[in-house]
Amino acid sequence: MANYGDYQLRIYLDGLSGKLPELPVSFEDLERGAEEVMSAQLWSYVAGGAGDERTQRANVASFDRWGLMPRMLAGAAQRDLTADLLGTSLPTPLMMAPVGVIGLCDAEGHGDLATARAAAATGVPAVVSTLMQDPLEDVAAALGDTPGYFQLYPPDDRELTESFVRRAEAAGYAGIVVTLDTLTLGWRPRDLSLASFPQLKGLCLANYFTDPVFRSHLDASPERDPEAATMRWATTFGNPKLTWDDLAWLRSLTDLPLLLKGICDPEDVRRAVDGGVDGVYCSNHGGRQANGGLPALDVLPEVVDAAGDVPVIFDSGVRTGADVVKALALGATAVGVGRPYAYGMAVGGAAGVEHVLRCLLAETDLTMAIDGYPDVASLTRGSLREVR
Ligand SMILES: Cc1cc2nc3c(=O)[nH]c(=O)nc-3n(C[C@H](O)[C@H](O)[C@H](O)COP(=O)(O)O)c2cc1C
């Protein structure tokens, strides 16, 4: 059986004929490469975060606090990276987190489809955003056999919310991920300095503009009057009035697995589990929403404990395979990456995303091989020590 770490062999063997990797291997090179090719506005939107970005930096730095205990002669010649998520056996625990402007990160402007193609090629599931350049049905069709999850920003319109859920069900998504930390937009100085917000330019709104309920509220179709349609979007996008009392309604909308994203407080985990969710998604939106918060990794163990048997997806700050391993050891069932694959999209489209995922998987796999962890179950909190 091949191991994901074998990706490095391919790179070294290419090197024998003088061929260097066309795409960046380290996160730093990837980030630099993306900045070079992205417009100032897109770069600001993707790389930036809330406030002075302290939380965003802390997300990344918090991984430094943990070190993996290496175990020798542990029989890890073959690694089994499979993970079970909501009854689906995934080849690995890696996932792509929803990135609302991934459509624009692709030079052709079809990054949602390119993401789905990268998911199909690698088996890494994609959680796809409500904010897409191409309709969710087209994106689902490009996923092949790899599961996709539809991320829902619940609009301030129950009928529209229900319509999105119906469409996601019909398109074959494997679950609905409701994001709760963006009912109101965060304070983002980089974007504010450029006075730039992509969706207000009518971008990434394909799911709204193709929706029969959304269209029924318009005087003119989005094709005829895109500005009016965009303004309608702006007034319905977020629903800050949502409370835990609405969870029963959200739950009633679908028999698909329902997950809540943006959960960090164990008390919220208990409310979510009591309300019948199938999974909890621990994340602080990569530090893009509220600054001055806790690094997501710091709250992960509490979230996992409160969730009990309910699976926990984690994201925010994952940059390397070693980070993936640490999040798994702290109890995550699956680990999401955000910005790294957005940068991969910018530098190389679907092939760039595929490369980023293969690099992350190779490093995850090799870390487990070298440190003596043959499978995901062997990674536990006991595998980690605090770095002094
Ligand atoms: C440019 C950008 C757009 C995002 N759009 C969404 C979105 O539409 N829905 C959502 O739930 N999260 C969104 N997120 C948050 C990601 O799903 C994820 O929580 C975050 O990127 C993780 O942090 P990281 O990028 O540092 O890995 C977005 C993140 C970025 C960077």
Side-chain angles (χ1 to χ4, degrees), residues 27 30-31 34-35 38-39 41-50 53-63 94-106 111-112 115 125-133 136 139 149-155 164 175-183 185-186 188 190-191 196-199 203-208 233 237-238 259-264 280-290 293 295-297 300 313-320 323-324 327 332 334-346 356-357 360:
F27 176 75
L30 186 63
E31 191 174 37
E35 185 175 8
M38 281 171 152
S39 68
Q41 285 86 352
L42 188 58
W43 169 252
S44 144
Y45 189 80
V46 178
E53 301 180 356
R54 212 168 280 213
T55 301
Q56 182 174 324
R57 287 191 296 278
N59 278 341
V60 175
S62 65
F63 283 90
L94 191 66
M95 299 184 82
M96 284 182 270
V99 169
V101 293
I102 200 71
L104 305 177
C105 294
D106 167 46
D112 301 285
T115 298
V127 185
V128 299
S129 172
T130 313
L131 298 167
M132 286 182 194
Q133 279 284 89
L136 63 92
V139 173
Y149 300 83
F150 181 69
Q151 177 268 322
L152 175 70
Y153 278 132
F164 281 156
I176 307 287
V177 175
V178 183
T179 298
L180 299 178
D181 58 18
T182 313
L183 305 178
L185 184 69
R188 299 181 186 164
R190 288 204 218 196
D191 294 339
S196 168
F197 193 74
Q199 290 80 10
L203 299 167
C204 307
L205 302 182
N207 285 331
Y208 299 83
W233 169 81
F237 168 68
L259 297 95
L260 299 184
K261 180 169 184 273
I263 301 287
C264 293
V280 168
Y281 195 139
C282 174
S283 164
N284 63 16
H285 215 105
R288 300 167 62 74
Q289 276 297 93
L297 193 73
L300 175 61
I313 302 178
F314 171 83
D315 78 27
S316 293
V318 174
R319 297 291 174 264
T320 67
D323 295 344
V324 174
V335 180
V337 278
R339 292 180 181 90
Y341 88 88
Y343 297 153
M345 183 71 76
V356 167
L357 298 175
L360 281 166

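Just so you know, ligand 1 is whichever comes first in the structure, and atom 1 is the first atom listed for that ligand. Since the model is a prediction, treat every value here as computed from it, not as a measurement.
The main-chain N or O of Gly293 is found under 3.5 Å from a side-chain atom of Thr55 such that the two form a donor-acceptor pair. Here the side chain of Asp112 pairs a donor or acceptor atom with the backbone of Gln133 at under 3.5 angstrom. A donor-acceptor contact shorter than 3.5 Å is absent between the side chain of Ser283 and the backbone of Lys261. Looking at Asp106, its side chain never comes within 3.5 Å of a backbone N or O of Gly103 through a donor-acceptor pair. Within the 3.5 Å criterion, the main-chain N or O of Gly49 finds a donor-acceptor partner in the side chain of Gln56. Between the side chain of Arg288 and the main chain of Gly186, no donor-acceptor pair closer than 3.5 Å is present. Remark: the backbone N or O of Ser196 is not paired with any side-chain donor or acceptor of Gln41 at under 3.5 angstrom.
By the criterion of a heavy-atom distance under 4.0 Å, both the backbone and the side chain of Pro98 are placed next to ligand 1. By the criterion of a heavy-atom distance under 4.0 Å, the side chain of Arg288, and not its backbone, is placed next to ligand 1.
In terms of protein heavy-atom proximity, atom 20 (C) of ligand 1 is closest to Gly286 N, 3.7 Å. Protein heavy atom in closest approach to atom 7 (C) of ligand 1: Tyr153 OH, 2.8 Å. Atom 25 (O) of ligand 1 has as its closest protein heavy atom Arg339 N, 2.9 Å. Of all protein heavy atoms, the one lying nearest to atom 12 (N) of ligand 1 is Lys261 NZ, 3.0 Å.
In summary, the atoms of ligand 1 found under 4.0 Å from a heavy atom of Gly317, numbered by their order in the structure, are 23 (O), 24 (P), 26 (O), 27 (O). Those atoms of ligand 1 with a heavy atom of Ser283 less than 4.0 angstrom away are 19 (O). Of all atoms in ligand 1, listed by their number and element, those nearer than 4.0 Å to a heavy atom of Thr179 are 10 (C), 11 (O). Close approach of ligand 1 to Ser129 (heavy-atom distance below 4.0 Å) involves ligand atoms 7 (C), 8 (O). Residue contact check: Gly100 has heavy atoms under 4.0 Å from atoms 3 (C), 4 (C), 5 (N), 6 (C), 7 (C), 8 (O) of ligand 1. Ligand 1 places these atoms under 4.0 Å from at least one heavy atom of Gly338: 21 (O), 25 (O), 27 (O).
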- Stepwise side chain to side chain donor-acceptor pair (under 3.5 Å) test for Asn207 and Thr130: CA-CA 7 Å; Asn207 285 331; Thr130 313; over 6 Å; no
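Of the listed options Arg57, His285, Gln199, His285 places a heavy atom closest to atom 15 (C) of ligand 1.
Around atom CZ of Arg54, no more than 12 heavy atoms belonging to other residues, nucleotides or ligands sit under 6.0 Å away.
Checking only distances, Arg319 does come within under 3.5 Å of ligand 1, N or O to N or O. Considering backbone and side-chain atoms alike, Pro340 places every N or O at 3.5 Å or more from each N or O of ligand 1. Taking distance alone, with nitrogen or oxygen atoms compared against 3.5 Å, Tyr281 stays at or beyond that limit from ligand 1. For Asp315, a nitrogen or oxygen atom sits less than 3.5 Å from a nitrogen or oxygen atom of ligand 1, counting backbone and side chain alike.
The aromatic rings of Phe197 and Tyr45 stand perpendicular to each other, their planes meeting at an angle above 60°, with 30° marking the opposite boundary.
You'll find the side chain of Tyr208 stays beyond 4.5 Å of the side chain of Met132, heavy atoms only.
Contact analysis puts Val99 in contact with ligand 1, with a non-hydrogen atom separation below 4.0 angstrom.
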